**Student:** 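Supplied in structure tokens, the structure appears directly below.
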Amino acid sequence: MSRSSRIPGFYKQPVESRRRLVAESVDLDTSELNRVLAAGGLDVTTADKTVENVVGTYSLPFSIGLNVRVNGRDHLVPMVVEEPSVVAAASNAARMIREGGGFTARHDDPIMISQIQLWDVADPVAARARLDAERATLLAMADAAVETLVARGGGARGLEVRDLGDGLMVVHVLVDVRDAMGANLVNTVAEKLAPTVAAIAGGTVGLRILSNLCDRRCVYVSCRVPPAMLATDSMHGEAVRDGVVLASRFAERDPYRAATHNKGIMNGVDAVVMATGNDWRAVEAGAHAFAARNGAYAPLATWHTDDEGMLVGTMALPLALGIVGGTLRVHPGARLALKIMGVSTAQELATVAAAVGLASNLAALRALATEGIQRGHMALHARSVAVAVGARGDEIERVAAEIAEACNVTVDAARAALVRLRGTAEASVAPTVK
Ligand code: MEV
């Protein structure tokens, strides 16, 4: 995209104007956004061809994360998430990060691991030697199984043999899947090669499937934030910075905290994964397995202060995302999300998703290290509570503001506020659903 991902006042605009602003920023027709998003991104006839036993579709909010600049390039970032404050928090933190130059990111090649399990291997040492000797033949067989991938520049890149003990072995075929998520490709490779692998090793074929711990396909993202950007009404930037670093230490030393810390990261990552039609279960499985790779569950992102006093965040995680095939073939909403984001490779998409994850983490730690998350969270949650009691139009913001201000974000408080606002009898307001 040519324009900045910074659109001041975006959140104050009505939905129609936001669509127009996004369309203008990324050179799309507003009518395309209107058409695709009015249908919730997916119509029921298409949904029925996608999975089984369909009786309808199920919508979630489709929002835009702002201020995201990765390696000097701006992206408007579609995010699909049901949790209030995730989009606002990530956009807000991305703005602070932008002041320090934005995110710096790099990525591995898109290498997925195809696993072939063998059992009853009589002589694992000899089996390993024979498999190593046949490496070139096996890789050529793998390439032959995915010819179209090879034509797109991908294909088999390596073979690993692991002895799991008691006659159990596993052969990994490393496959560069280019712009695909790659699950189908590497499952095809595993099924095609398994009989030959078993014959060479002298064992019996077991499972043939990808590994979701795709640790050859990591993204690495970092940022430097000037402390002044972190200041709140009541705390200096340096104090907030130190609080974020302390929060990071907590996660580094305690798996109970690390799990929540990583959940905050995945708030951002998953929202981008969902918006772009990717497999968030695969991403979650890979991220958490990677977080425990050294034997103890650890934070995916950590924060420290550098010599110039800047707050520095770094994160690594495996991300198997695609921009071709899979859901994208059938889901107009996911295709639209990719157009808005303006990424040209799957790995570029992964760097943007990771950047949003790091921004989400900073937003959470900054809130936790200062006033706590409940005030901001409740202020946003108040709007859904207002809608739940029947507030419409302007009433929503007014009821939400009143109950948030009173720190009483409950259905009963919202009903009372709405009754007062309408100056009407309680009976005209939607009853509380128990
Ligand atoms: C809530 O969805 C995410 C947080 O709990 C993350 C964190 O504690 O770092 C706020």
Side-chain angles (χ1 to χ4, degrees), residues 11 60-66 68 77-97 103 221-223 225 229-230 232 235 239-275 280-281 283-285 287-288 290-292 296-305 311-317 319 353-385 404 407 409:
Y11 72 99
L60 287 171
F62 182 108
S63 306
I64 301 292
L66 298 173
V68 177
V77 187
M79 297 173 72
V80 168
V81 62
E82 85 299 342
E83 184 175 330
S85 92
V86 168
V87 178
S91 301
N92 199 18
R95 183 142 101 86
M96 298 171 196
I97 291 167
F103 300 90
V221 54
S222 62
C223 62
V225 192
M229 290 305 299
L230 299 164
T232 66
M235 277 175 83
V240 179
R241 174 200 63 198
D242 295 346
V244 170
V245 171
L246 259 181
S248 177
R249 289 301 91 79
F250 182 9
E252 287 159 47
R253 290 181 190 189
D254 179 16
Y256 288 91
R257 173 57 207 156
T260 323
H261 180 102
N262 288 344
K263 192 277 184 182
I265 293 169
M266 300 314 287
N267 274 346
V269 174
D270 284 341
V272 181
V273 173
M274 293 270 288
W280 49 271
R281 285 89 53 213
V283 165
E284 283 282 329
H288 297 293
F290 187 75
Y297 189 86
L300 293 163
T302 57
W303 297 87
H304 70 272
T305 305
L311 176 67
V312 178
T314 52
M315 181 169 84
L317 89 164
L319 267 182
V356 175
L358 190 59
S360 298
N361 185 223
L362 174 59
L365 299 192
R366 176 174 176 268
L368 289 166
T370 55
E371 64 176 15
I373 62 156
Q374 279 312 82
R375 208 168 80 98
H377 202 84
M378 279 304 171
L380 291 166
H381 179 56
R383 289 199 292 185
S384 355
V385 177
C407 295
V409 183

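Owing to the predicted nature of the structure, the values given are computational and were not obtained by experimental measurement. Numbering starts at 1 and runs along the sequence shown. Both ligands and their constituent atoms are indexed starting at 1 by order of listing.
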**Student:** Please find the pair of heavy atoms, one from A369 and one from G243, that lie closest to each other, and give the distance.
**Tutor:**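 So the minimum-distance heavy-atom pair works out to CB-C, 3.7 Å.
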**Student:** Which protein heavy atom lies closest to atom 3 (C) of ligand 1, and at what distance to 0.1 Å?
**Tutor:**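 Residue, atom and distance for the closest contact: N267 ND2, 3.6 Å.
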**Student:** I need the atoms of ligand 1 closer than 4.0 Å to a non-hydrogen atom of K263, numbered in the order shown.
**Tutor:**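 By the 4.0 Å cutoff, the relevant atoms are 1 (C), 2 (O).
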**Student:** Taking 4.0 angstrom as the limit and counting only heavy atoms of E83, give me the atoms of ligand 1 inside it, by number and element.
**Tutor:**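 Answer, ordered by atom number: 1 (C), 2 (O).
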**Student:** Does the side chain of M315 come within less than 4.5 Å of N361's, by heavy atoms?
**Tutor:**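 No, too far: nothing below the 4.5 Å cut-off.
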**Student:** Go through ligand 1 atom by atom and flag the ones less than 4.0 Å from a non-hydrogen atom of L368.
**Tutor:**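 So the atoms of ligand 1 that pass are 7 (C), 8 (O), 9 (O).
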**Student:** Would you say N262's side chain and A298's backbone share a donor-acceptor pair under 3.5 angstrom?
**Tutor:**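 Checked: pair present.
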**Student:** Quick one: nearest non-hydrogen protein atom to atom 7 (C) of ligand 1, plus distance?
**Tutor:**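 Heavy-atom neighbour on the protein nearest atom 7 (C) of ligand 1: R257 NH2, 3.3 Å.
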**Student:** Only one of V312, L311, T314 passes side chain to side chain contact (heavy atoms under 4.5 Å, CB included) with W303; say which it is.
**Tutor:**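 The side chain to side chain contact (heavy atoms under 4.5 Å, CB included) with W303 is passed solely by L311 among V312, L311, T314.
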**Student:** How close does the nearest protein non-hydrogen atom get to atom 5 (O) of ligand 1, and which residue and atom is it?
**Tutor:**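 Going by distance alone, atom 5 (O) of ligand 1 is nearest to T260 CG2, 3.5 Å.
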**Student:** Under the side-chain contact (heavy atoms from CB on, under 4.5 Å) test, which residues partner T305, sequence neighbours left out?
**Tutor:**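 Counting only residues at least two positions away or on another chain, T305 forms a side-chain contact (heavy atoms from CB on, under 4.5 Å) with R241, D242, V245.
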